[in-house]
Structures are given as C-alpha cells and as structure tokens.
Number of protein chains: 2
Amino acid sequence: MSRSHEQPPLDRTPLDEPGFERDLARLAKALGHPARVRILRFLLSRDTCMCGDIVQHLPLAQSTVSQHLKALKDSGLVQGTIAGPRVCYCVDRQVLGRFRDLVGRLQPCLEGDPDCRSPLDQEVEP
Amino acid sequence: MSRSHEQPPLDRTPLDEPGFERDLARLAKALGHPARVRILRFLLSRDTCMCGDIVQHLPLAQSTVSQHLKALKDSGLVQGTIAGPRVCYCVDRQVLGRFRDLVGRLQPCLEGDPDCRSPLDQEVEP
DNA sequence: TCGACTCATCGTGAAATGACGATAGGACGG
DNA sequence: CCGTCCTATCGTCATTTCACGATGAGTCGA
C-alpha cells in the first residue's frame with residue numbers, strides 16, 4: 001500500500017491501540033514516579049537480582065514499595081521470580097533497551113542522523 | 001571525596017529532591033500518556049512550530065488537548081509562544097535530548113559501554 | 001509443627017489525573 | 001467597534017494513583 005498518498009496514520013485514531021504511542025506511554029508512565037526510578041536504579045546497581053530490601057533504600061512503607069514494584073512488573077521493566085522465602089527482582093534489560101530505543105526514535109534528527117525519516121512513519125517492530 | 005567508602009547516595013533520601021530521579025520521573029510522567037506522545041510526535045513531524053490544530057489529530061476535546069499541552073509545557077518538553085491570534089507550540093529539543101540522555105544513563109552497560117560506572121554515581125550535571 | 005521472616009494483597013482515604021462542556025479572554029478582520 | 005476565531009481556564013465528575021496499616025499466604029529453620 002502506498003502510504004504516502006494517504007493521511008498520516010495518527011489522525012484521530014484511538015489512543016490506546018497497540019503501537020508506538022501506547023508502548024512508549026506505558027513505559028514512560030512506569031518511570032513517572034521518583035520511587036520507581038530509584039527502584040530501577042537500585043536493581044541495576046546490583047546487576048544480579050536483589051530481593052525486597054529495596055524497602056531499606058526507600059522512605060516508604062513496605063506495602064507502598066510493593067505497589068510500585070507491581071507497577072514496574074506490569075510494565076515489563078522488572079521481573080520477579082520466587083527464590084525460596086524471598087522474591088528476586090531484576091530488570092529486564094531487553095525492555096529497558098526497548099524503552100531507550102522508543103525514546104530515541106522520537107527524535108531522530110537531533111544529531112543529524114542521515115536516515116532521518118519522519119517519526120510518523122516509524123512504527124514498532126515487535 | 002572517596003565515595004566508595006560511604007553508603008550509596010540513594011539511601012532513604014527524600015524522593016522529590018532535585019536530581020536524577022526527580023528529573024527523569026517528571027519527564028517520563030509527561031510522556032506517560034499516549035495523547036501526549038502523539039502530540040510530541042506531531043510537533044516533531046513539522047519541525048517548524050504548529051498551532052493548536054493538534055486538536056484535529058486527536059480524538060479528544062479541545063479543552064482536554066489544552067490540558068495535555070499544559071502538562072507538556074510544565075515538563076519543559078514543549079514551549080508555547082503567542083503568535084498573533086493563535087499559539088505556536090514547538091518541542092524544546094534540548095529538553096527532549098536531556099530526557100533521552102537520562103534514560104540512556106540509566107543503563108550504561110547494555111552494549112558494553114567501556115566507561116560503565118555504577119548508575120548510583122551518576123548524577124545530573126545542570 | 002511452630003515460629004520467624006518475606007512479600008502480596010486488602011481496605012481505606014487523600015490527592016492527582018483525565019475527560020468533558022461551558023465560559024472567558026485576546027487578537028485580528030471587517 | 002463588533003463579531004469571529006483560537007486558546008486557556010473553570011467547574012464538574014469518574015477514575016486512578018499514592019500512601020499507609022493490617023492482614024494473609026508462603027517458605028524456611030528450629
């Protein structure tokens with residue numbers, strides 16, 4: 001199909017369909033709270049997994065931290081596996097890399113990228 | 001100062017102080033909604049500014065779009081200047097670049113970056 | 001089996017967010 | 001000046017988010 005003859009694909013289409021916008025928004029929303037940024041940084045600092053002594057590094061109650069961890073898990077940025085009595089969390093670097101990629105794809109022309117197409121034509125490739 | 005002897009700087013410190021976490025969280029939160037992602041993409045697609053016919057490209061009421069624009073302006077990602085009867089919005093590519101930088105700094109070791117320090121030591125340089 | 005420990009979930013309440021219609025204000029063009 | 005157009009803001013409402021304490025479910029060590 002010759003896309004260039006039609007209207008750009010973002011015209012009034014629903015906002016919560018799978019694709020670039022929804023995926024980027026979900027990942028960004030997951031990082032849209034400083035507590036979750038800190039959790040991610042903490043998990044990345046030990047590149048091995050670490051269990052919920054994350055709580056020791058946050059000025060929040062344990063239940064609140066658990067909620068933030070759930071948000072991070074729902075976004076896919078963090079995985080949790082049961083390891084005996086405790087739970088072992090670790091960052092899914094694939095997903096984090098995808099987030100970085102989506103953000104970078106937002107602004108392809110910042111530093112004179114040669115193959116710099118309009119961001120409207122750039123969709124996700126699953 | 002020999003930082004490595006002290007406790008890591010993210011220990012239970014307040015979450016909303018200026019710095020890496022707060023800045024990244026604010027920018028991420030601004031992009032944490034698909035409508036705002038679309039607005040940013042739209043503004044980037046015309047690299048010249050464009051006024052509020054953004055509304056024509058979103059399935060939302062004008063007042064709602066205005067709210068989202070306000071959120072983007074508050075985050076610094078978008079600037080709005082009055083141009084006659086209409087308002088001219090454009091992306092602050094500096095801020096967007098900073099966002100991209102903060103996200104990239106989160107995960108310095110993804111592709112074997114040689115100077116790969118712990119993200120705990122990396123703070124923002126204003 | 002019985003505690004001790006770790007973590008998730010529930011219930012709750014305050015606050016923020018997202019959406020809308022209606023309204024107000026400012027800048028042209030007549 | 002007066003209407004018109006564009007945008008911001010207001011008021012409202014439903015929903016979500018954030019935070020907490022309390023409770024529950026699970027796994028080990030004793």
Side-chain angles (χ1 to χ4, degrees), chain A residues 12-17 21-22 24-40 42-43 46 48-75 77-90, chain B residues 12-17 21-22 24-40 42-43 46 48-75 77-90:
Chain A
R12 280 195 167 282
T13 55
L15 285 171
D16 49 357
E17 281 181 347
E21 289 158 359
R22 196 197 59 158
L24 177 51
R26 285 195 176 173
L27 290 171
K29 188 173 190 177
L31 277 181
H33 192 288
R36 294 193 286 266
V37 174
R38 180 174 298 180
I39 291 174
L40 212 71
F42 182 75
L43 290 177
R46 355 229 149 199
T48 170
C49 305
M50 262 305 286
C51 17
D53 60 359
I54 308 169
V55 178
Q56 298 299 321
H57 294 262
L58 288 177
L60 296 174
Q62 178 262 326
S63 57
T64 306
V65 173
S66 199
Q67 273 191 158
H68 284 302
L69 278 168
K70 178 168 165 46
L72 286 170
K73 273 195 294 184
D74 289 345
S75 76
L77 279 168
V78 162
Q79 284 179 330
T81 59
I82 301 177
R86 32 192 85 190
V87 177
C88 189
Y89 288 105
C90 65
Chain B
R12 281 196 165 280
T13 56
L15 286 170
D16 49 357
E17 281 181 346
E21 288 159 0
R22 197 197 57 157
L24 176 52
R26 285 195 177 174
L27 290 170
K29 188 173 189 174
L31 278 181
H33 192 288
R36 295 194 285 268
V37 174
R38 181 174 298 180
I39 290 174
L40 212 72
F42 181 75
L43 290 176
R46 354 230 148 201
T48 170
C49 306
M50 261 307 284
C51 17
D53 59 358
I54 307 169
V55 178
Q56 298 299 321
H57 294 262
L58 288 178
L60 295 174
Q62 178 264 325
S63 58
T64 306
V65 173
S66 199
Q67 274 190 158
H68 284 302
L69 278 168
K70 178 167 165 46
L72 286 170
K73 272 196 296 185
D74 289 346
S75 77
L77 279 168
V78 161
Q79 284 180 330
T81 60
I82 302 176
R86 34 193 84 189
V87 178
C88 188
Y89 288 105
C90 65

> A:Y89 and A:I54: which non-hydrogen atoms are nearest, and at how many Å?
Replying inline: CD1-CD1, 4.4 Å
> Per the atom types in the model, does the base of C:dA19 pair as donor or acceptor with the side chain of B:Q67 at under 3.5 Å?
Replying inline: yes
>> Please report the distance, rounded to the nearest Å, between NZ in B:K73 and C1' in D:dT7.
In response: 9 Å
> So what does A:L60 hit on the nucleic acid, given a heavy-atom distance under 4.0 Å: a base, only sugar-phosphate, or nothing?
Replying inline: sugar-phosphate
> Whole-Å distance between C:dG18 C1' and A:D16 CG?
Replying inline: 13 Å
>> Is the phosphate of D:dT7 approached by B:S66 (side-chain N or O, under 4.0 Å from OP1 or OP2)?
In response: no
> Where do A:E17 and A:R22 come nearest, in terms of heavy atoms and distance?
Replying inline: O-CB, 3.1 Å
>> Just verifying a value: how many Å separate A:L72 CG and A:L40 CG, rounded to the nearest 0.5 Å?
In response: 6.0 Å
>> Show the nearest heavy-atom pair for residues A:L15 and A:E21, with the distance to one decimal.
In response: CD2-OE1, 4.4 Å
>> Please report the end-to-end axis angle for the helix from C:dT1-D:dA30 to C:dG30-D:dC1, five pairs per end, rounded to 10 degrees.
In response: 20°
Taking only nitrogen or oxygen atoms into account, show me every contact under 3.5 Å that the protein makes with nucleotides 25-30 of chain D, one pair per line with its distance.
none

> Of all residues at least two apart in sequence or in a different chain, which pass the side chain to side chain contact (heavy atoms under 4.5 Å, CB included) check with B:V55?
Replying inline: B:Q62, B:V65
> Expressed in angstrom and rounded to an integer, what is the separation of A:K70 atom NZ from C:dT9 atom P?
Replying inline: 6 Å
>> Just the rounded figure in Å: distance from C1' of C:dA8 to CG of A:L72.
In response: 15 Å
> B:P14 and A:P59: which non-hydrogen atoms are nearest, and at how many Å?
Replying inline: CA-CG, 4.5 Å
> With sequence neighbours left out, what residues match B:T64 under side chain to side chain contact (heavy atoms under 4.5 Å, CB included)?
Replying inline: B:L60, B:A61, B:H68
>> With a 4.0 Å cutoff (strictly under), does any side-chain N or O of A:H68 reach OP1 or OP2 of D:dA19?
In response: yes
> Going by the salt bridge (Lys or Arg N to Asp or Glu O under 4.0 Å) test, which pairs reach into residues 24-36 of chain B, not counting sequence neighbours?
Replying inline: none
> Which residue pairs pass the salt bridge (Lys or Arg N to Asp or Glu O under 4.0 Å) test with at least one member in residues 64-73 of chain A, sequence neighbours excluded?
Replying inline: A:K70-A:D74
> Which of residues 25-33 of chain A sit near DNA chain D, with a heavy atom under 4.0 Å from it?
Replying inline: A:K29, A:H33
>> Give me the atom names and distance for the closest heavy-atom approach of A:R12 to B:L58.
In response: NH1-O, 2.9 Å
> Over how many whole Å does the gap from B:D74 atom CG to C:dG18 atom P extend?
Replying inline: 12 Å
> To the nearest Å, how far apart are B:L15 CG and D:dC18 C1'?
Replying inline: 12 Å
Measure all distances between protein nitrogen or oxygen atoms and nitrogen or oxygen atoms of nucleotides 21-24 of chain D, and list the pairs falling under 3.5 Å.
{"residue": "D:dG21", "atom": "N7", "partner": "A:S63", "partner atom": "OG", "Å": "3.3"}
{"residue": "D:dG21", "atom": "O6", "partner": "A:S63", "partner atom": "OG", "Å": "3.2"}

> Does some side-chain heavy atom of B:L77 sit less than 4.5 Å from a side-chain heavy atom of B:L31?
Replying inline: yes
> How many angstroms lie between atom SG of B:C88 and atom CD of B:Q79, to the nearest 0.5 angstrom?
Replying inline: 10.5 Å
> Quick one: side chain to side chain contact (heavy atoms under 4.5 Å, CB included) partners of B:A25, sequence neighbours excluded?
Replying inline: A:P34, A:V37
> Listed by chain and number, what are the side chain to side chain contact (heavy atoms under 4.5 Å, CB included) partners of A:Q56, not counting sequence neighbours?
Replying inline: A:D53
> In whole angstroms, how far is the P atom of D:dT7 from the CD1 atom of B:I39?
Replying inline: 12 Å
> How long is the line joining CG of A:D53 and C1' of C:dT6, in whole Å?
Replying inline: 11 Å
